[in-house]
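As a basis for the values below, the full set of heavy atoms in this structure was taken, side chains included, without hydrogen atoms, waters or symmetry mates. One is the number of the first residue; the rest follow in order along the sequence.
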Amino acid sequence: MGATRAQATAALKVHKDVMEAAEKIFDGKFDNAVDDDEAADTDGDVPMASGSGKASRASTPDADSDEDEDADLDDEDDDDFVDYDSDDAMGEVAPTKVDVDPYAGIFFSKDRREVVIEVEEEPEQSTLTLPDGSTQSVKLMTQGQWMKGCPEGSEQSFLFQLYTQLSQEECKCPQDCGASVPRTKSDFFAIFPKFSQYIEHVRATVRKTCAKCSTTFCFACGETIQAEKGKSTKPAADVLFHCANLQGVILGVGMSMIEDTFVEQDEAKSGRSDRTTAQTAATTGEDDEDFVPYPGQPQGKKSARGTGYAGAAREDMSGQQAALAAQLERDSALGSLLREVRVYLPNLQREGGGMGSDYLVHPTSLAHLRRRFNKVGSALLRNDSLADMSERGPPLYFELLEWLETISRHEALASMMAMPIMVVNSVKTVKGNAKVREREITYEGSAGPRELLEQIAIQVRAALRGLEGLKPPEPKAQELTEEQKRMAVDTSVKVKEIAVVPQDEKQKLLSFCKRIISTISAIDQYLRDNKGQEFVDRMHASLPKIITGEDDVVIKTAGLSDAETQKAYVDWANRRKFEYCDLSLPADKQPQISEGDSPHYLFHFNHEARMLVNSDIPKRSLAIAKEVRTNVTGKRSHWINPLQLAILTTNLPVAWDSSVFLRVDESRVDIIKALITGPEGTPYYNGCHCFDIFLGPSYNQSPPSVKYMTTGGGKYRFNPNLYADGKVCLSLLGTWQGPGWVAGRSTLLQVLISIQSMILVPDPYVNEPGWASSGGSPQALAYSANVRRMVVKVAMLEQLKNPPEPFGDIIRTHFKLKAVSLTKQLDEWLALDDGKEVTADYNISGGATSQGFKKDVKELKALLKELQDED
């Protein structure tokens with residue numbers, strides 16, 4: 001059945017929860033709700049809303065009077081109900097008022113899991129007669145397809161009710177003349193090759209005329225269809241917007257087509273077929289654990305693995321243009337389908353005003369948006385390449401942003417923006433044969449739409465710094481003589497016109513970045529209008545953030561257990577791993593420079609950076625904009641699967657055993673400093689190893705310049721690959737043999753993790769050519785002992801006594817949180833030490849006996865004790 005405006009108003013006045021209100025209406029609780037205007041000239045139809053002016057709050061219009069509500073609902077307190085809040089709000093409401101979190105069902109934990117039994121069966125075929133008189137054979141959507149991804153409970157019951165009603169039940173004449181028209185699956189659940197064909201089929205089907213009394217009624221809800229009074233001003237005035245039932249079925253079928261198109265395109269792109277895998281598993285009875293029904297989504301809590309190198313072979317780029325053209329064609333097809341289906345989203349601000357189905361959202365629409373659209377949308381938003389998204393922006397990503405804005409504008413849908421998205425964790429075949437398959441699918445929570453947008457926004461803000469932060473400084477305006485002014489009159493316009501001509505690729509990325517920021521601002525404003533400031537504040541508190549200054553969280557270690565200390569460390573490191581800061585020399589230490597010149601930097605590559613400041617190299621600017629991305633989550637892994645490298649460019653590794661911290665100059669994103677804490681199980685463990693990194697004029701066609709700075713003033717060589725003069729030997733940097741930098745493809749993160757996992761290793765002796773087979777030998781053990789002595793002297797003690805900027809606070813907090821465990825580590829290292837003096841070079845054959853290591857350890861322990869006593 002459909003819902004009148006008065007019914008919707010009366011239900012929502014009692015039940016703030018839209019799903020609860022819908023359920024009561026469909027149960028007939030508000031059949032007698034009629035307002036004054038409707039009583040005079042309507043017969044159950046939903047009146048069209050006025051199009052004069054836009055309301056700031058998208059909600060069902062207030063009725064003049066709602067005094068005829070059922071008596072048994074009068075005593076219910078509005079405060080006992082919460083807004084649309086996932087499955088938790090669909091059950092019974094507590095009869096008494098309790099102190100509960102009103103947003104518990106919206107901001108629920110990502111640890112939430114749902115187990116769903118999904119049934120796949122071969123769809124029926126039907127031959128339909130089209131409006132032009134021709135016939136077409138189509139498949140009919142099965143009940144399993146219709147209810148896919150929805151757990152037992154209200155969602156399934158609403159889906160089952162609508163599917164049964166529109167595929168099996170008879171539609172009776174609303175005038176009770178005794179006539180009825182039988183419904184079949186082909187009426188509303190026929191799957192055409194194109195969505196536009198489906199729409200024309202439904203339009204031709206939905207308007208029925210009673211054979212007995214000639215009443216025109218809606219075949220979806222069974223209510224009378226009123227003729228439009230006068231000439232409608234609504235371009236979308238259409239019988240397909242008549243009722244909630246039509247909205248539910250059209251969006252359900254449309255989003256199913258979107259989902260299928262997305263999966264098919266991914267299969268075509270990758271050359272695989274997940275469906276074939278699923279069918280094979282069903283017939284063999286094997287578990288379907290690797291089945292990924294929604295490409296691009298995280299599967300469980302698995303960490304990436306690999307080496308961090310670029311790979312043993314260079315990528316074949318010969319088919320790149322063809323692949324790009326094919327991708328754009330697929331994007332155009334998916335974008336067009338999204339645009340066609342979006343027309344039927346509930347939208348009170350559509351041109352001409354809201355239609356009948358816009359006011360009360362059908363519960364199945366909510367279910368399909370959460371379970372189908374969210375999965376496709378989240379897969380697209382997880383794309384870690386900002387450049388790729390901007391390239392695909394107009395046909396696909398711009399349309400995706402339109403969907404998100406439309407959803408956030410409607411009060412009944414807006415909560416979806418903050419809800420974690422349930423994604424597939426595992427798939428297990430329960431039983432099946434060639435025609436019918438049952439699978440047990442476990443879903444788990446993941447980042448919601450607004451959180452995914454914020455992850456992109458973090459990249460966008462970094463990209464904007466790369467695109468706009470590298471502009472040459474504006475020359476200071478000088479007063480012209482009268483003669484110069486006369487000469488400049490005719491030429492100034494031409495000069496200005498030439499100056500503003502943008503580079504196409506750079507301008508495309510810049511426009512896309514600004515569109516992302518604009519969309520996020522609009523969504524947040526819609527959420528304020530629809531849900532209130534408290535809702536937005538709660539949502540913002542859960543979003544990923546990048547700190548740009550001092551951390552305002554006080555770190556205290558007193559009384560913490562080992563597990564609590566490790567958690568505190570990881571939480572702190574995640575907050576502080578990436579920051580922008582001023583890396584130039586303080587004003588009182590700046591050498592004398594001419595006005596308008598670039599400042600000097602506390603940076604090994606200061607000269608190169610200052611020489612490049614006035615250079616306009618579009619490709620370099622664009623590459624830096626793509627490269628300087630921040631991360632929002634991430635756990636360290638020593639080994640990185642090469643297939644995961646693209647994803648890891650947005651994830652600096654952070655963990656108790658080793659972390660990477662980056663500092664980027666706030667006005668020059670090509671000037672970067674890194675600090676890597678030595679990995680556990682190595683002689684570098686817990687040492688603070690600093691690097692200066694410069695993204696030079698040919699970046700990223702060639703690798704960045706990297707210099708190791710923790711050398712004790714150029715004295716100590718910590719590794720065969722880390723020289724005392726700061727040289728870093730790594731094939732990825734072109735300073736060592738082996739797999740090298742892949743132009744335009746390799747990344748800075750690969751360099752950082754290669755240093756972390758390939759240089760700072762348990763047995764550094766074997767990094768020297770010719771010694772690779774000597775691991776564990778007496779010479780290798782002596783070498784590692786010498787490295788431990790250097791680490792304590794230079795990478796721990798000296799770093800703590802004279803911390804290098806801008807990592808002073810990072811180093812102090814690192815050692816404060818590590819004080820207890822590091823004290824134990826120092827005792828273990830003392831027990832392993834061979835009593836030799838620290839040797840500056842790797843040639844340790846002549847080391848003499850010394851007590852220097854014990855003295856360094858004693859001094860370091862005293863400093864660690866002072867840090868602990870600060871609590």
Side-chain angles (χ1 to χ4, degrees), residues 16-19 56-59 79 81-90 99-112 297-298 345-346 349 361 366-367 369-371 373-375 377-382 400-423 443-461 515-548 552-553 571 574-575 630-633 650:
K16 286 186 178 180
D17 172 28
V18 175
M19 300 292 279
S56 62
R57 186 175 176 86
S59 60
D79 292 337
F81 298 90
V82 298
D83 212 340
Y84 167 55
D85 62 355
S86 180
D87 300 328
D88 294 345
M90 299 175 193
D99 185 15
V100 296
D101 181 1
Y103 301 122
I106 298 174
F107 301 102
F108 57 83
S109 170
K110 293 175 187 174
D111 293 331
R112 177 173 177 172
Q297 294 188 347
L345 281 176
Q349 296 180 8
V361 178
L366 299 172
L369 280 167
R370 290 183 56 208
R371 303 294 174 170
F373 169 72
N374 265 356
K375 289 173 181 175
S378 68
L380 292 172
L381 292 175
R382 291 180 197 281
L400 178 61
L401 298 179
E402 290 287 348
W403 270 72
L404 296 175
E405 286 193 38
T406 303
I407 289 171
S408 63
R409 276 199 298 262
H410 201 291
E411 185 175 16
L413 306 178
S415 297
M416 287 175 48
M417 300 303 297
M419 285 185 179
I421 296 173
M422 304 304 294
V423 299
Y443 292 86
E444 68 177 6
S446 68
R450 182 59 183 84
E451 182 177 342
L452 291 172
L453 277 176
E454 188 64 20
Q455 293 176 12
I456 296 174
I458 291 173
Q459 295 186 38
V460 164
R461 294 178 190 114
R515 173 62 189 276
I516 290 285
I517 298 298
S518 174
T519 294
I520 290 174
S521 298
I523 287 174
D524 285 354
Q525 186 57 52
Y526 294 143
L527 292 176
R528 282 187 197 93
D529 294 341
N530 288 318
K531 297 298 177 185
Q533 186 62 46
E534 184 181 354
F535 179 93
V536 175
D537 291 343
R538 175 76 172 270
M539 179 184 70
H540 281 178
S542 65
L543 297 179
K545 297 175 180 64
I546 290 298
I547 297 175
T548 57
D552 57 0
V553 178
D571 290 344
N574 270 309
R575 291 195 306 271
T630 54
N631 60 86
V632 293
T633 57
T650 56

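Asn530 places a side-chain N or O within donor-acceptor distance of the main-chain N or O of Ser408, the cut-off being under 3.5 Å.
With a 4.5 Å cut-off on side-chain heavy atoms, Leu413 and Thr406 do not count as touching.
The NZ atom of Lys531 sits 14.5 Å away from the CG atom of Asp524 when rounded to the nearest 0.5 Å. Once rounded to the nearest 0.5 Å, the distance linking NE2 of His540 with CZ of Arg450 reads 4.5 Å. Note that NE2 of His410 is 12.5 Å distant from CE of Met416, once rounded to the nearest 0.5 Å. To the nearest 0.5 Å, the span separating CD1 on Ile520 from CE on Met417 amounts to 9.0 Å. Rounding to the nearest 0.5 angstrom, the gap separating the CZ atom in Arg112 from the CD atom in Glu444 is 13.0 Å. The CG atom of Leu381 sits 6.0 Å away from atom CG of Leu404, with the distance rounded to the nearest 0.5 Å.
Sorted by first then second residue, the salt bridge (Lys or Arg N to Asp or Glu O under 4.0 Å) pairs that include residues 412-421, not counting sequence neighbours, number zero.
Leu366 approaches Ala412 most closely through the heavy-atom pair CD2-O, 3.7 Å. Taking each heavy atom of Gly377 and Leu400 in turn, the nearest pair found is CA-CD1, 4.0 Å. Nearest heavy-atom pair across Phe535 and Ala418 is CZ-CB, 3.8 Å.
Residues that satisfy the side chain to side chain contact (heavy atoms under 4.5 Å, CB included) test with Glu405, not counting sequence neighbours, are Arg409, Arg515, Thr519, Ala522, Ile523, Tyr526.
Between Arg538 and Glu534 there is no salt bridge, since none of the side-chain N atoms of the basic residue sits less than 4.0 Å from a carboxylate O of the acidic one.
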